[in-house]
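Below is one structure, written out as structure tokens; the observations come after it.
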Amino acid sequence: MKLTVLGCSGGIGGEGHRTTALLVDADILIDAGTGVADLDIEALARIDHVFLTHAHIDHIACLPLMLDTVGPRRAKPLVVHCTAATEVILRAHLFNGVLWPDFTRIPSPARPFLRFALLEEGESCAVGERIFAPLPAAHGVPAVGYEVATPRGSLAFGGDSSVCPAFWDAVARIADLRYLIVETAFPDAQRKLAVESKHLCPALLAAQLPEQAGSYRLLISHVKPGYEKETMDELRRAAGRHAPSMLARGDVYWL
Ligand SMILES: Nc1ncnc2c1ncn2[C@@H]1O[C@@H]2COP(=O)(O)O[C@H]2[C@H]1O
């Protein structure tokens, strides 16, 4: 499995900053933030599945736009996998015929551009040999992370989350974990904002990491634009034994 980081920043601002979108092989997205906009039309049309962590705009910004571009080119609906709570939010506030057309009924209810498929914690969804399972997360709106399991190992993506012991319990149970992607949105100087917005700062992440470093790579996502050096310096000081490195747009990881 090939994981290509299209975007992993906590915001926008110039070349390096695209919001969350992880491309799995050529046919699956985890989140559909602004990183998706860099794919050309053919690459967009090859995407059959989107697994959403939550409905915040930085994670779904390109979903309505890509549906408009690829809908007429595709023979089948784009399947958006998410929890029931996230589907309710997207139907009420995005695909509502006001902010954007309701592509679950357009061009026709029988052959729409978009189909929701519900996926809750405790369930899994196989797309070929790649198996997606929601992981617990704690954010300001209903949110999950994802475990992606393959025959050659697994990765875990925490999505957006503040302190969440259930996530770390779930991660500890993944025996063949190769990559662990977790957020650290703010530097320690903005800890109050991190807590209020249900994110992490280095001290909060370090307090949750296991005593012993695992045999997986620890990759950091969702750092707010302009705070990358400060945040990663603090994280290396607080959790150096875990050798954290920052996830970057354009990175490719293989499983
Ligand atoms: N009190 C707040 N609660 C939530 N988000 C906030 C607040 N104040 C500022 N924000 C920002 O709004 C952003 C919404 O997207 P994020 O969750 O990535 O990060 C959030 C913060 O950067």
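One-based numbering, in listed order, for ligands and for the atoms of each.
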Exercise. Name the residues with a heavy atom less than 4.0 Å from ligand 1?
Worked result: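 Within 4.0 Å of ligand 1, protein side: His56, Asp58, His139, Phe186, Leu193, Glu196, Ser197, His199, His222, Lys224.
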Exercise. Is the number of heavy atoms from other residues, nucleotides or ligands within 6.0 Å of CD1 (Ile12) greater than 12?
Worked result: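 Result for CD1/Ile12: open.
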Exercise. For the residue pair Phe51 and His81, does the interplanar ring angle fall in the parallel (under 30°), tilted (30 to 60°) or perpendicular (over 60°) class?
Worked result: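 Ring orientation, 0 to 90° scale: parallel.
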For this session: Return the orientation label for the Phe95 and Phe116 ring planes: parallel under 30°, perpendicular over 60°, tilted otherwise.
Result: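 Aromatic pair Phe95/Phe116 classed perpendicular.
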Problem set entry | Heavy-atom check, side chain of Val148 versus side chain of Met1, under 4.5 Å |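 Val148 vs Met1: side chains touch.
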Exercise. Less than 4.5 Å apart, any side-chain heavy atom of His139 and any of His56?
Worked result: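 Of all side-chain heavy-atom pairs linking His56 with His139, at least one is under 4.5 Å.
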Exercise. With sequence neighbours left out, what residues match Glu230 under salt bridge (Lys or Arg N to Asp or Glu O under 4.0 Å)?
Worked result: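 For Glu230 there are no salt bridge (Lys or Arg N to Asp or Glu O under 4.0 Å) partners, ignoring immediate neighbours.
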